[in-house]
Asker: 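Quick one: the structure is below, questions incoming.
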Number of protein chains: 2
Amino acid sequence: MNIRDLIYLQAIARHGHFGKAAESCNVSQPTLSVQLQKLEADLGVTLIERTKRAAMLTPIGQRVLALAEDALTAVDAIRSITAEASDPFSGQFRFGSIPTISPFLVPDVLRVLGTTFPRLELVFRENITDRLTENLLNGDLDVAILATPPVTSRLLAIPLYDEPLLVIHPIGHNLAELDKLNVSDLPLDQMILLSEGHCFRDQTVDLCRLQSRTTLAETSVTSLETIISLVAAGQGISIVPALAQSSGWLDRPNIGVKPLRSKGATRQLNLTFRKSSPRRVLIEAVAKQISGVLV
Amino acid sequence: MNIRDLIYLQAIARHGHFGKAAESCNVSQPTLSVQLQKLEADLGVTLIERTKRAAMLTPIGQRVLALAEDALTAVDAIRSITAEASDPFSGQFRFGSIPTISPFLVPDVLRVLGTTFPRLELVFRENITDRLTENLLNGDLDVAILATPPVTSRLLAIPLYDEPLLVIHPIGHNLAELDKLNVSDLPLDQMILLSEGHCFRDQTVDLCRLQSRTTLAETSVTSLETIISLVAAGQGISIVPALAQSSGWLDRPNIGVKPLRSKGATRQLNLTFRKSSPRRVLIEAVAKQISGVLV
DNA sequence: TATATTCATAGGCACTGACTATCATAATAA
DNA sequence: TTATTATGATAGTCAGTGCCTATGAATATA
């Protein structure tokens, strides 16, 4: 059986005439004649009763036609949804980002992508790097904005932004007197860190060459917002990504901000996606737009 | 697009693996690979995202698969109903007969056909010859039991029974004294006829060489049952088919029955059907069974 | 690094669907 | 009836397609 055969059957039934049906299908009459015979032989029943006057459906032919039209409806639907989806800038676009990026970036990204790609249906998901990586690999996400390079060769990353790191401290803190800060200047026992699982915690710890056990118990919290509040309350110092400042999160009365000058005191944001993704064109366009937001 | 392609898509989606999918379809892996590429090129979208680890559906691939499965369901249904219907002795069988035959014959015919062809779904319709002929020609009936030969070469007829005609008269009528009746013996002015449209009326009139106008007004009625009752009431005489007697319809106190000996005083019952009917085998078997009833 | 796995590609072959030309049969007109 | 027209079926031919085997490229795994 064949979709074409079903269309032929439908045409013959509609026209009641092989010649006219053939014309409507843009094929010759013998083609229809032969193909219908094959279909009937295949199914083992007579679908059309031929007369010199009219070609009419048998009872079983009517039932087959009804089902054939169901099938053809589904096939038409396939053609129609794929015709829409063949536009690379349409359809659902699922992207994720980590908690230390999303509050500073996602609102702008959603706005820009929404206007640049109006036919895209944007779906956003926030989670830690490991979860987002899983989502990427099993196809639940199209892209993720991460601050770490891909952990597997199945993923690719487009660099978005080399983000400086900042030290924040209470206004009265003695760091306030220094202009240019180095990691070696920091009183590491006063550092407030994010809890485990956050890649930004790992980066901070690596940078300071701390044993992660040293400060875990008392000073790890689950969000940058909490860290900022604690610093503002004079409970310690911390390192935060620069986007926090440009988003206005550090504009608090009791907080001092200093750039961190040490070598490697940046984190590289990138747009990560499956190497096998069929939406490469769209993803690269999206990366360009996000980079634009970050200028 | 092609039904086979949809099956391949389904298999790849299920197995997440071209090789296994190919095995399940009993084709080689390159076949699947090439065919899916063609399908994707045809539709203009990527349906499957290929990895060395797994072949997974894209979002549009999932939507296409859902519709493909709708189509395949309909196709399976076609295969299943045609497999059933490929038995020539199954399915709906629509037959008709004229009013001057059905009361004597159809009950027995229904019983015999029902037991001989248990998978047949019998549908019966009674009407006059002209209507039944229309029904035959437009495909609303498979066969009809008629007492006249086909009016068009598009219909064929299998002879069933050469039915004698009988004269009925009131017991006290002077015909009662004659043993063998001829048409010339009949007092034609006392004849009660069926109304126009009934072929049996036409046969009777032809036989008696009456002008149909002569007796129309007073003595035409719409059923044989009425005729028999009128004769029983002494209102006239009539000619009835022999089956009326074997069915016991003439077993009434005041009715005398005499065979009509004239040449051509019979009517030939036959099973009429479209020459183009695809159910020739079944129809011939049915004719045989009806003939059996008539012995 | 070597091996195994997986999907893609290339070349060859058989089958199928399409065409044109023609036939057989039936409906219609002369 | 006989001639004409119309319809579906058949025959022969050819191009396209689906399938195969053999092989390649890229990745995962030992």
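Per chain, numbering begins at 1; letters A, B, ... match sequence-line order.
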Asker: Passes side chain to side chain donor-acceptor pair (under 3.5 Å), A:S102 versus A:E126? Steps please.
Answerer: CA-CA 7 Å; A:S102 37; A:E126 181 181 87; 2.2 Å; yes

Asker: Return the value, rounded to whole Å, for the distance between atom CD1 of A:I48 and atom C1' of D:dA9.
Answerer: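 That distance rounds to 15 Å.
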
Asker: Please round to the nearest 0.5 Å and tell me the distance separating atom CG of B:N2 and atom CD1 of B:I7.
Answerer: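 Reported to 0.5 Å precision, the distance equals 8.5 Å.
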
Asker: Could you tell me how far apart B:F18 (CZ) and D:dC19 (P) are, to the nearest whole angstrom?
Answerer: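 In whole Å, D:dC19 P and B:F18 CZ are 14 Å from each other.
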
Asker: How close do B:I60 and A:A85 get, counting heavy atoms only, and between which atoms?
Answerer: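 Distance-wise, the nearest heavy atoms are CD1-CB, 3.4 Å.
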
Asker: Work out which heavy atom in A:P59 is nearest to a heavy atom in B:R94; give both atom names and the distance.
Answerer: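 Heavy-atom minimum between the residues: CG-NH2, 3.5 Å.
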
Asker: Going by distance alone, is a donor N or O of one side chain under 3.5 Å from an acceptor N or O of the other, for B:T58 and A:R279?
Answerer: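 There is no such pair (donor and acceptor under 3.5 Å, judged by atom type) between the side chains of B:T58 and A:R279.
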
Asker: Between D:dT7 atom P and A:H15 atom NE2, what is the distance in whole Å?
Answerer: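 Going from NE2 in A:H15 over to P in D:dT7 covers 13 Å.
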
Asker: Mind listing the residues from residues 32-43 of chain A sitting with a heavy atom below 4.0 Å of DNA chain C? Number order is fine.
Answerer: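 Per residue number, the list reads A:Q35, A:K38.
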
Asker: May I have all residue pairs that pass salt bridge (Lys or Arg N to Asp or Glu O under 4.0 Å) and include part of residues 18-33 of chain A, sequence neighbours excluded?
Answerer: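 Non-adjacent pairs meeting salt bridge (Lys or Arg N to Asp or Glu O under 4.0 Å): zero.
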
Asker: Apply salt bridge (Lys or Arg N to Asp or Glu O under 4.0 Å) to the pair B:R125 and B:E134, showing each step before the final yes or no.
Answerer: CA-CA 13 Å; B:R125 170 183 305 172; B:E134 282 173 20; over 6 Å; no

Asker: For the helix from C:dT1-D:dA30 to C:dA30-D:dT1, measure the angle between the helix axis at one end and the axis at the other, each built from five pairs, rounding to 10°.
Answerer: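 Its terminal axes enclose an angle near 30°.
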
Asker: Do the side-chain N or O atoms of B:R4 get closer than 4.0 angstrom to the phosphate oxygens (OP1, OP2) of D:dG18?
Answerer: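 So the side-chain polar atoms of B:R4 never come under 4.0 Å of the phosphate oxygens OP1 or OP2 of D:dG18.
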
Asker: Nearest 0.5 Å, please: how far is CG in A:L271 from CD1 in A:I145?
Answerer: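 The CG atom of A:L271 is 6.0 Å from CD1 of A:I145, to the nearest 0.5 Å.
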
Asker: Side-chain atoms of residues 146-161 of chain B: list all donor-acceptor pairs with protein atoms under 3.5 Å, sequence neighbours left out, distances to 0.1 Å.
Answerer:
from   : atom 1 : to     : atom 2 : distance (Å)
B:T152 : OG1    : B:R154 : N      : 3.0

Asker: Rounded to the nearest 0.5 Å, what separates atom CE in B:M1 from atom CG in B:D42?
Answerer: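 The distance works out to 6.0 Å.
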
Asker: Are side-chain heavy atoms of B:I12 and B:L32 found at a separation under 4.5 Å?
Answerer: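 They are in side-chain contact.
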
Asker: Extract from the structure each pairing of a protein N or O with an N or O of nucleotides 22-27 of chain D at less than 3.5 Å, listing the distance.
Answerer:
from   : atom 1 : to     : atom 2 : distance (Å)
D:dT27 : OP1    : A:K275 : NZ     : 2.9

Asker: Nearest 0.5 angstrom please: A:L9 CG to A:L57 CG, how far?
Answerer: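 With rounding to 0.5 Å, CG (A:L9) is 6.5 Å from CG (A:L57).
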
Asker: Can you give the first and last nucleotides of DNA chain C, 5' to 3', that have an atom under 4.0 Å from a heavy atom of chain A?
Answerer: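 Terminal contacting nucleotides, 5' to 3': C:dT16 to C:dT28.
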
Asker: Return the minimal non-hydrogen interatomic distance between A:E49 and B:P278, and the atom names on each side.
Answerer: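 So the two residues come closest at OE1-CD, 3.3 Å.
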
